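Heads up: the structure comes next, in C-alpha cells.
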Amino acid sequence: MSGKANKIVYPPGCKDITEEIGKEELVRRLKLLARAFQDMGQDDNDQYSGLAVYLATDYFLDHQSKDVRLLVACCIADVFRIFAPEAPYKDLKHLKDIFIFLVKQLRGLEDPDSPSFKRYFYLLENLAWVKSFNICIELEENQEIFCSLFQLMFSIVSDKHSSKVKNFVLDMLTPLITEADSVSQELMDIILLNVVEPYKTQKRVAYALAKELLIRSSNAIEPYIQAFFNNTLMLGKSSESELSHRLYDLIYELNQISPNVLLSVLPQLEFKLKSNEESERKQVTKLLAKMFSDEGSSLVEQNRPLWICFLGRFNDISIPVRQTCVQFSQYFLINHPETNKDIVEQLKSRSHDPEETIRMEVVNTVLSVAKKDFSIINEELLGFIKERTLDKKFQVRREALMGLGQLYKKYTFGEKVEESYVEKVSFIKDKIFHHYYQQSSDDRLLVERVFNTCLVPYNMPEEDRMRQFLLLYCTLDEHAIKAFQEMFKHRISVRAMILQMVEAIEQQALLNPRIVSLSRTLPETGKAIEHLKKFCQIIKDDKRLRSYLIKLLSQDCTCKKAQDLVREILKKLGGPSQGTQNIYYNTIKSLLERVAPVMIDVSAVDQLVSHVDDSVRGLGIITEGIDGAAEKSVKLLMVLSWTYPYYFKTEETYELLLTFMKHDDESVADLTLQIFNNIGKNLQKDYPNIYSSLLPVVSSAAKLGNPKQCKHAIRCINTICKNKEAIYGQIFEHYKKSLNPESANFITAIVGLGHIAKLCPEEFAPDIKTIVSKVIVKDLLMQDHTFGPSTTESWYSEHHVTEESMAKLQSMKLLTRWLQGLKSNANNSGTSTLRLLYTVIAHEGDLMEKGNINKPELARLRLQAGCCMIKLAEEKCFSDIITHEQFQALALLMNDSCYHVRHIFSLKLHKSLLTLRLPLQYMSIFCLAANDPMRERRTQIKQFLQNNITKRREYIKQNPSIQGRIFHFLPDYVMPYTIHLLAHDPELKEHDDVEPLKNIKECLWFNMEPLISKSEDYNYTFFRRMIENIKQTKDAQDPDDEETNMKLYAVCDVALGLLNSKSGNITLKDVTVEPRLSAKHFTKPDKSYSNTQNYLPKDFSFEGHKRKGVNALIDTSGKANTSKGQTTEIIVESPGPVVNPLPISPREQRQPKTKKTDVSSETESSPNSSADSVKKNDSGKNVDKKKPQKRKLDTDTKDENKEPKTAKVRNKKQTKTSGKNVPKSMDTEESDGDEDDDSSVANSESQESQEIPLGPKTKKAKNVSDKNSKSNVRTSKVDTLQKSKSLMNGAKTDSTVRTSDSQKPGSARKRKTESVSKESTPVKKSKLTPALKNLSPSVSESSTPSSPGRSSTKSSTSSVKSSSKSTPKKSPHQSKLKKTTITRSKLNRSDGESDESPPEDKTKKNVRKTASKQTRLDQFNVKSAPKNVRKGKNLPNGVSDGDSQETSSAASTPKSGTSIRIKTKVQTPDSTKKRGRPKKT
C-alpha cells in the first residue's frame, strides 16, 4: 500500500489518505481533499488521476462510515467535473459501480433537516450541473443505473425540498431521456406510474416531478409512449408493465400533462369505442368523456371524427356505457358550450331510455348543471325534467319533482337572484301541484313534502311564510289550485282517520277497519298495515307517546309545537336506521308529516287574513300585478276555512272578514259568505257583536244579491242563526213580491225559494206548493214569452243566455230542491216533477214545442232537466218512481248532439255515483259513451267507470256489514241494468238487426271491460249465470210483447258472446250467492225450461281471444257455427283429479270428396233424435235441451292421420265437402235469479223500440236447408262411436266450443275515428233521419278501448246470417204517446251539420264487396292461441257445477296435474232456426 501511495499525487495542503488511519482522521483528511477538489479547475489536473482512481476503490466505496462515503462521493463528483469530458475511470464495470455508489449517496437528500444535507445538496448540484450521469449512456447496462436513480428521486422527493432541489433533480434526470439512445419500458413505468392513481394522490410532489419531467422530455419520450400503446392497445400484446391495467387512466393523465405525446395514440381509441367487449367500451367511453369535457380541452375541435364516434356511445347497447355518457354530460354543458347542441340532442333521446337508471341520470345531470350555472339551462333541458315527472317509475318521478322543488327554492328565496331566473322557474309550482293528480300515494306524499320544504318552507319566519303562501296560491293556475285544495282536504281526512284510531285505542274498540282505511293513504298498503299495527301497539303501551300524538292532532297545536312533537315521537320510534326498521320509521314519518300543522295555526291565519285584507283593499305589495288578486286571496281563506275552521278564532279575524262583505267585487262578498258558513257555527255565542253586524249584511245579500250570493247567504243563515225560521220568513215574503219577470231580483227570488224550501220544507210547505204550481210551472216553465238570439251554434256561454231561459233553469232547480226537502212523493209531487223533466228531455228542451227557443238554450234546458233527475234519483223515494221510459230518456243524454251536454252530464253523473247515493242502475248509462265520436271523451268516461267500480269494491271491503245489501253496491250487478237499457235502444227495431246489435256489442263491452279485465274480483261463473238467468225471465217493462223479450234475449246473447270471446283466461270460482235480478226490470225467472236458444243473426260475429282447456268447453255465445267442418282439440290442464268425459276416439282415414248423406236421413237413423229437442244456444250453436251431446261429422280432413298436439287448442283446416252440415248438440247451464225486493212501477209509459245502427251490413249467406235447420239431433256417444265414430257426447256444460273460420286473424272491426266538432257533431244516439242515417256507422265503429296493461289481441271469428228471418210482432206500445216518445232523430239533430252519409246504392255495393270477401274467407280456419285455465274449487271434475255426462263407457279419472285431450269435430248447418221459445214434439 505504501508503494501505491508513493505514486498518488495529492493537492497542496492535503495529507495522504490510507487505510491505516482512523475514521475521524480519515474524515478530516477527506474534507480537506474535498475542499481542494471543489476549488480545483479543469486545467492541468492530470496528475490527480491516480488519486481519483484511488478514491474509487472498494475500500472507500464500501466504507462503513456514511460521512466517509459522502465525502468520497463529493470528491468523485468533482473528479467528473475536473476531468470532463473524459473521466479517469476506464474500466466500464468500475465505472458502473461508481455511479451505483453515487446513486446510493443521493438518498441522503431525503431529509433536508439533516446536518449533512448541504453536502448532499452539493453532490446533487455537481452531478446535475456537469451532467455526470450522461457518461452512463455509453454503458451497456445503463438502464439499471437510470432506473435506480429515477426510482430513488421519485421516492425521496417531498414537500420539504426546495424548488432548487427539484430543479437540480430535473436537470439531472431530463438529459438521461432526451440524450439517451433508448428508454426502457421499466424506466417508463417508473416515470409514468407517478402520474396515475393512487400515486398521483398519495405522492403529489412525485407527481409534479414526473409531470415536469414529461413536459421537458415530451419530444424524446413520445416514440416510446406510442410504441407502448401500440403494442398494448392495438396489437394486444401482453406486457409485464404495471401500467398495462391502467392504460386509459394513463392516457387521460398524459393528455392532461402533455397532449402532444398522444397525437398518434388518440386515433386508435376510435376502434376501441367499437369493441365487442362491453367493459372495454365503457373504459374508453369514460376516458374520452373526461378528455373531451375537461375545462380548456380543445380535443373536440382537434379530433372531430373521434367526437362523432363518441356521441354514438350515447346509443350504446350497454346500459353502463350509456350511463357513463350521460353522467359526463354536465361537464360538457358547463365547460364546453360549443358542444351543447350535440349533448342536448343526445340527452333528449336518453330521457326516453327504456332503462330507469339512464332516465334518472338525465334528470340528475340537468339538475346538477342548473344548480351550478342556471344560465346554461334552457327550456329544452327543463323540459326533460318536466317530462320525467310523469315517468312510469316512481324513483325517477321523485328525483325530477324533488329537483324541481329545490330549483324553485334556490332561485325564488335565494339572495341576489336574477329576475330572469325567477321567471324561468315560475312554472315549477304549477307542475308540482299537477303531479297531485297522480293516483299513487307515493306521488301525493311527495307533492306534500315538496310543498312543505320547497314551495313554502315550513321553517321560514311566520310572516314570510304566510306572504309566500299567499303569493303561491295567487299565482297558481286553475288545475294547480284544484290540486292545492284537494291536498288540504286529503290532509284533513287523514287527520280524522288518525283521531279515530287513537280514540279506538283509548276505548279499546276494534282497530283493524281503521288501520286498513288509514293504510290506503300510504304507499304499499300491505306493509303499511303491518307498520300501523306496530305503531298502534307502541301507542297503546306508551301513554306518553299517545299524549304527544293527541297534542299534535289537537286544535290548539301551534306550528312550533308541532315540529317539537314530531321530533319527540320519531325519537321514541328509535330514529332512522337501516333495513326494515328504516322502512317502518319512514312510514310513520310520512304519516306525521301529513297531519302535523307545521304550516297553518291560529297566529298564521291571523297573519294571512291581514295580508289578504291588504290585497282586497289594493294596498298589498305581495299580490301587486296579479289579475284577480283580491278574489284569489279570499278564495284561499275559503279553502282554509273549510279544512281548518278552528284556526279562525280571533275577533280581529272576524272583523276583517266582515269588511270583505262590503267589498264592491261580488265574488269577494260571495266567497266571504262561504267562509262565514264554514266558521260561523258558534259565532252568535262567542262573538255576539260580530253576529249582530253580520246578520243584516247576510239578509241583504239573500234578498238583493246575485243568485250565487243568495244561495250562500241562505246557507249562511242556516249555519249562524239559532232562530232561522223568523229570518227566513222575512226573506220569503220578499221573494214572493219579487216573483215577477219584471223584477230585478226575479232569478234571485227563484234561487232563494229553492234553498229555503230545501232547508225548511215544513214551515213553508203550503206557500211553496202554491208558488210551484201557479208560478213556476204554469207561468214560467210552460210559457215562452221571448225569443232567443238567432245562432247556428249548439252552445254558447252563460252570459248570452236570455233571462227567461235562466229563470227556467233555476225553476227546475227549485223543483228539485223542493222535493229534496220533502223527501217524499206526497200528493204525487215527485211523479209530476219527474214527468215534467222527462218531457223537457223528450222534447229536446222545448217543453211546449213552440220553437221559440234557440239551440244553445235548448241544450241547457235538457241538460238541466237531466241533472235534476240525477239529483232526485239520489233519494230512494224518487228513484223508485222513475219509470223505465224516463230513465232511458235520461240515459240518451249521454249521446246528445251537443258536446257540452254530453260532457257536463257525464261529469254530474260521475260525481253523483261516487257519493254512492245514486242507484247502481245509473252506472249503466256510461255504456252509451261507446258511441261518442271523440276518443278523449270515451277515455275519460272509461276512467269514470273504472273509478266508480274501484270505489264500490273498496266500500264493500271496508263495510262488511252491507253484505245483505250487496246487490245495491256490487258493480258486477250493473250488467243486468246495462242489458235492459240496451235492449230498449231506439234503433233496435227487431231483435236480429245486425247493425244495431253491433253497436250494442260495443256499448256492452264498454261497461264489461273494466269489470272483467285484469280484475281479481272477476268471477266468470257468476257473470255467466247472471246473464243466463235474465234469459229465463221476461222484460218487466213489457212482459207480454214477444219482440221486446226477444230483444232482451238477443242482448243477453251478445253479452255472453263478449264474455267468452274477450275475457281471455277464465278462472272458475265458487258462486256462494245466487245472482239477483231487479224485479222492476225483469219478471220472476221461469225455471220450467232452459232458454238456450241463440237469438242473434247468423252473420253476427265476435272478435276475441281463442282459448283452450275449460275455456273451450265453455259456451262461446254469439259465435255462430260455420258451414265448414272443423276439428278442435282441447287440452284441459287441471291441478286436481279430472274425469275425462270425452276420451279421444280412434280416427279413420276418410276418402276425399265423398258426398255426405242428407242430414235428415242421418237424424232419422239416430234412435235418440228429436226434432224439437235441439235449440240454438247463445252462440248460434244447436243445443239439445234434454241431453247435451256433440256430433263428430263424417267429413274429410287433411290432417286426420296426424297425432294431436298437447297443451294446445288448434283448429285444423278442413277440405270442402258437398254434403249438408249436421248440427252440433249442446246444452247450457240452467240457473235462475232471485227477484229483487224493489216493487215494479205501474202505469209506466211505454217507449218506442230503439235501434243503434253500427257499421255496414254483412251479406246474408244462402239457406242450405230449412228442413235440416229445423231437425234436431240427439245421439248418444256409444251409438255414435259404434256407427260412424264421428259423433261425440258433449258434457252438459255452461259453455260450448266456439269455432270460426270465416275471417282472418286480426280482422276485427275497428272504430273509424272521425274528427268531430265539439259543438255540432252529434253522437249516434237517436233514430236518424234519412240524410244522417248512414253517418252513425262511422261514428261508432271505433274499437272499444282496452283496459290498461291488458292484451287486446283478437282472434277472428265467423258467422253467416240466415237469409230467412221470422217477422217479429210489433209492440202494442209503439203507436202510443207520439209526442213523448224519444227518438234519436230528435236528439241527434244539429243545425249546421254538414256530414252526410254516402248514397244507398254505394253502401249496398260496399256491403256486397264485404260479404263476398267474407265468403271467400269461409274456407279457412283460424288457429287459436293456447291459454292456461285454473279450475274452481267447486268443480272437482274440471267442469262447471251443472255439468253431467251420460256414457256407456267407464270414464277414467286421471291424477292431479294430468292433461285431458278432447277432440271434437263440429259441423253446423247454414239454415236458420226458428226463433222463440222451443216447443216439444
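On a predicted model such as this, the values are computed, not experimentally measured, just so you know.
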Are Leu390 and Gln438 close enough that some pair of their side-chain heavy atoms sits under 4.5 Å apart?
-> yes
Rounded distance [0.5 Å steps], OG1 in Thr475 versus NZ in Lys632 = 8.0 Å
List for me each residue that meets salt bridge (charged side-chain N to carboxylate O under 4.0 Å, His left out) alongside Arg937, sequence neighbours excluded, and say none if there are none.
-> Asp932
Are any side-chain N or O atoms of Ser805 and backbone N or O atoms of Val801, one a donor and one an acceptor, separated by less than 3.5 Å?
-> no
Side chain proximity check, Leu893 to Leu863, heavy atoms < 4.5 angstrom = no
Which pairs pass side chain to side chain donor-acceptor pair (under 3.5 Å) with one or both residues in residues 921-930, sequence neighbours excluded?
-> Gln921-His1081
Of the non-hydrogen atoms in Ile881 and Gly830, which two are nearest, and what is the gap between them?
-> CD1-C, 3.8 Å
Who are the ring-ring contact (aromatic ring centres under 6.0 Å, His included) partners of His903, not counting sequence neighbours?
-> Tyr899
Verify, without hydrogens or angle tests, whether Glu631 (side chain) and Val668 (backbone) share a donor-acceptor contact under 3.5 angstrom.
-> no
Does any donor atom in the side chain of Glu666 or Asn706 lie under 3.5 Å from an acceptor atom in the other side chain?
-> yes
Could Lys942 and Phe1006 be counted as a cation-pi pair, given that NZ or CZ must be under 6.0 Å from the ring centre and within 45° of the axis?
-> yes
Is the closest side-chain heavy-atom distance between Cys1003 and Asn931 below 4.5 Å?
-> yes
Can you tell me if Thr791 and Asn854 form a side-chain donor-acceptor pair at under 3.5 Å?
-> no
Please report the shortest heavy-atom distance between Cys898 and Arg862, naming the atom on each side.
-> CB-NH2, 4.1 Å
Is there a side-chain contact between Ile776 and Trp818 (heavy atoms, below 4.5 Å)?
-> no
Test side chain to side chain contact (heavy atoms under 4.5 Å, CB included) applied to Leu907 and Lys911, step by step | CA-CA 6 Å; Leu907 289 176; Lys911 182 179 178 181; over 6 Å; no
Interatomic spacing from CG in Leu476 to NZ in Lys429 - rounded to 0.5 Å | 6.5 Å
Give every residue pair that meets the salt bridge (charged side-chain N to carboxylate O under 4.0 Å, His left out) criterion with at least one member in residues 773-784, sequence neighbours excluded.
-> Asp784-Lys808
Rounded to the nearest 0.5 Å, what separation is found between the CG atom of Asp846 and the CD atom of Glu857?
-> 11.0 Å
Closest non-hydrogen atom pair between Trp795 and Pro856, with its separation | CA-CB, 3.7 Å
Among all residues two or more places apart in sequence or in another chain, which pass the ring-ring contact (aromatic ring centres under 6.0 Å, His included) test with Tyr735?
-> none
Glu849 side chain to His843 main-chain N or O, any donor-acceptor pair under 3.5 Å?
-> no
So, His712 side chain and Lys708 main chain: donor-acceptor pair closer than 3.5 Å or not?
-> yes
With a 4.5 Å limit on heavy-atom distance, are the side chains of Trp642 and Gln485 in contact?
-> no
For residues 849-875, pull every pair meeting ring-ring contact (aromatic ring centres under 6.0 Å, His included), keeping only residues two or more places apart or in separate chains.
-> none
Quick one: does Tyr838's side chain have a donor or acceptor within less than 3.5 Å of a partner on Ile882's backbone?
-> no
Do you see a donor-acceptor pair shorter than 3.5 Å between the side chains of Asp477 and His434?
-> yes
Worked check of side chain to side chain contact (heavy atoms under 4.5 Å, CB included) between Lys386 and Phe427 | CA-CA 10 Å; Lys386 285 194 285 186; Phe427 78 93; 3.0 Å; yes
Is there a side-chain contact between Glu1002 and Val1054, using heavy atoms and a 4.5 Å cut-off?
-> no
Residues at least two apart in sequence or cross-chain that pass side chain to side chain contact (heavy atoms under 4.5 Å, CB included) with His910, listed by chain then number, are Leu914, Phe926, Phe944, Asn947, Asn948
Flag side-chain contact, heavy atom, 4.5 Å: Ile925 against Tyr977 = no
By side chain to side chain contact (heavy atoms under 4.5 Å, CB included) - contacts of Lys703 (at least two apart) | Ile731, His734
Between Ser829 and Ser832, do the side chains contain an N or O donor and an N or O acceptor separated by less than 3.5 Å?
-> no
How long is the gap from OG on Ser811 to CG on Leu781, to the nearest 0.5 Å?
-> 5.0 Å
Do Ile949 and Val974 touch side chain to side chain, with heavy atoms closer than 4.5 Å?
-> no
Those residues that, when tested against His800, pass ring-ring contact (aromatic ring centres under 6.0 Å, His included) (two or more places apart) = Tyr796
For the atom pair CG (Leu981) and CG (Leu928), what is the distance rounded to the nearest 0.5 Å?
-> 5.0 Å
Stepwise, does the side chain to side chain contact (heavy atoms under 4.5 Å, CB included) test hold for Val751 with Arg817?
-> CA-CA 10 Å; Val751 173; Arg817 290 167 184 149; 4.3 Å; yes
Residues that Thr748 engages under side chain to side chain contact (heavy atoms under 4.5 Å, CB included), provided they are two or more places apart | Pro707, Cys710, Asn745
If you take all heavy atoms of Met812 and Leu861, which pair is closest and at what distance?
-> CE-O, 3.5 Å
Trace of the side chain to side chain contact (heavy atoms under 4.5 Å, CB included) decision for Gln820 with Phe878 = CA-CA 9 Å; Gln820 284 178 318; Phe878 300 123; 5.7 Å; no
Mind jotting down which residue pairs meet the salt bridge (charged side-chain N to carboxylate O under 4.0 Å, His left out) criterion with at least one end in residues 915-930? Sequence neighbours excluded, please.
-> Glu874-Arg917, Glu875-Arg917
By side chain to side chain contact (heavy atoms under 4.5 Å, CB included), which residues pair with Ile870, not counting sequence neighbours?
-> Leu890, Phe905, Leu909, Ser912, Leu918
NZ of Lys1047 to NE2 of His980: how many Å apart, nearest 0.5 Å?
-> 11.5 Å
